[in-house]
Amino acid sequence: MHVSSNNNNNNNKCSRFIDDAYSSFKQTLDKEANDLKRDCELFENEKAAFELNYKKVQSFHSSKPITLNIGGKKYCTTQDTLTKYRDSFLGAMFGGYIPLKPCKDGSFFIDRDGTHFHYILNYLRTGEWIIPQNKPYLNKMLLLEAEFYQISELIKELGGNTLSREPFFKSTILPEDKPEYSEKLNEWAGCENDQKWKLIYKSSRDGFQASVFHSKCDGQGTTYTLLKTGNNIFGGYTPISWSSPDTTEGKGRYYSNKDSFLFSLVNPHNVAPIKLSNINTERSVYHRDDFLLCFGGDLELRNGCNICETARNHFSNYENPTSQAFLFTGKEYFKVDEIEVF
């Protein structure tokens, strides 16, 4: 078939026109796509900056600032700053677990030297540790403050040991001026005097609910439990891991161990620190998922024992060589102010 040269030229022109049009359209489309991508990136950056500033405003602005009186020096901050580290002293104090009563001027008094507290407060605000160099005395003072306020991350920054020099580090039950109590507890457990124990549960920080207790303490192996009611300090030790057996039938389970014991450090009868051995080893501890803990029925803690007198002391499976039937608090049923498990 014969095709004229005019037809070929027309076809070529048409093909070039289509190619040019497609190329121009594609360039325009690519440019608009790139512009749209750039606009999206700009929007995402602006959104991220806005969210960051929004969070910062929420963090640093408070309609109810908190004023601290640290040994006579006043510091003003927010609850978010003070509770940044929930397991610290300040986190427990202002985390809503402990009912606090401010001073007449609305401040909260802490009996420490307030000279260097601004370093602590700025660390809580920024997460960065900045202090003057070549001042070992200042570093030592700040390490002592970090240990008092129980800020583990800051203790590491200062080169300290997060377990501290104290066997029961982070305990607010054991008095600082009574190191012999820690030594006695380690002695009773057959440990060296400097044996370190890690705090795994603290009721003022974690709550007095059985479910929380078991989430923290179940399966942890050997534990020491310290309790405080008023000025009284007592508790128990067991090598048996706490557990949460099914109690659908209203029953728990007893566990046997001859090395479990109860103890009293401070009591209303002025009896010296004493270890109370397990005399019925078939009933060393009793586990129930709706109990916090129970040492053979002799020392029993239930839900809400900080609100109602549901905690109980009734000796039957542990010895009591004293003449005091209710050695721990002077009462069979009582409320608990604080529980610490190491």
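- Shown here for Y255 and S243, the closest heavy-atom pair between the two residues is OH-OG, 3.6 Å.
- Cation-pi geometry between R253 and Y286 is not satisfied (NZ or CZ under 6.0 Å from the ring centre, within 45° of the ring normal).
- Checked against a 6.0 Å centroid threshold, the rings of Y318 and F263 do not count as neighbours.
- Between K331 and N313 the shortest heavy-atom distance is O-CB, 4.4 Å.
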For this session: Decide yes or no on side chain to side chain donor-acceptor pair (under 3.5 Å) for T322 and N320, but give the supporting numbers first.
Result: CA-CA 5 Å; T322 75; N320 178 17; 2.7 Å; yes
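- Y237 has its side chain out of reach of L262: every pair of non-hydrogen atoms, C-beta onward, lies at least 4.5 Å apart.
- By the neighbour-count criterion of 12 heavy atoms within 6.0 Å, atom CG of N231 is sparsely surrounded, having that number or fewer from other residues, nucleotides or ligands.
- Of the options I173, L226, L292, a side chain to side chain contact (heavy atoms under 4.5 Å, CB included) to I339 is made by L292 and by none of the others.
- Counting only distance, with no hydrogens or angles, the side chain of N317 and the backbone of G296 share a donor-acceptor pair below 3.5 Å.
- F168 and W197 get closest at one heavy-atom pair: CZ-CD1, 3.5 Å.
- Considering every non-hydrogen atom in both F208 and V336, the closest pair reads CE2-O, 3.8 Å.
- Side-chain contact, N280 with R283: no donor N or O sits under 3.5 Å from an acceptor N or O.
- Residues L82 and S88 form no side-chain contact, since every pair of their non-hydrogen atoms from C-beta on lies 4.5 Å or further apart.
- Between the side chains of T172 and K202, at least one donor N or O lies within less than 3.5 Å of an accepting N or O.
- C294 has its side chain out of reach of R288: every pair of non-hydrogen atoms, C-beta onward, lies at least 4.5 Å apart.
- Both tests pass for K275 against the ring of F261: distance under 6.0 Å to the centre and angle within 45° of the axis.
- Distance alone, capped at 3.5 Å, is enough to place a donor-acceptor pair between the N186 side chain and the Q195 backbone.
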Exercise. Given T238 and S260, is the side chain to side chain donor-acceptor pair (under 3.5 Å) satisfied, shown in steps?
Worked result: CA-CA 4 Å; T238 180; S260 298; 2.9 Å; yes
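- Residues N267 and N270 share a closest heavy-atom pair of OD1-N, 3.0 Å.
- A ring-centre distance under 6.0 Å is found for F94 and F108.
- Remark: L265 CG to E180 CD distance equals 9.5 Å, nearest 0.5 Å.
- Of the possible donor and acceptor atoms, one in the side chain of Y75 sits under 3.5 Å from a partner among the backbone N and O of G114.
- Aromatic pair W242/H214: centroids not less than 6.0 angstrom apart.
- One distance of note links CG of N257 with CD of E282; it measures 11.0 Å at 0.5 Å rounding.
- Side-chain contact, T281 with N278: no donor N or O sits under 3.5 Å from an acceptor N or O.
- Checking side-chain atoms of E319 against main-chain N and O of S277 turns up a donor-acceptor pair under 3.5 Å.
- The ring pair (Phe, Tyr, Trp, His ring centres under 6.0 Å) test with F334 singles out one residue from F326, F234, F328, and that residue is F234.
- Between P175 and I233, the closest heavy-atom pair is CD-CD1, 4.0 Å.
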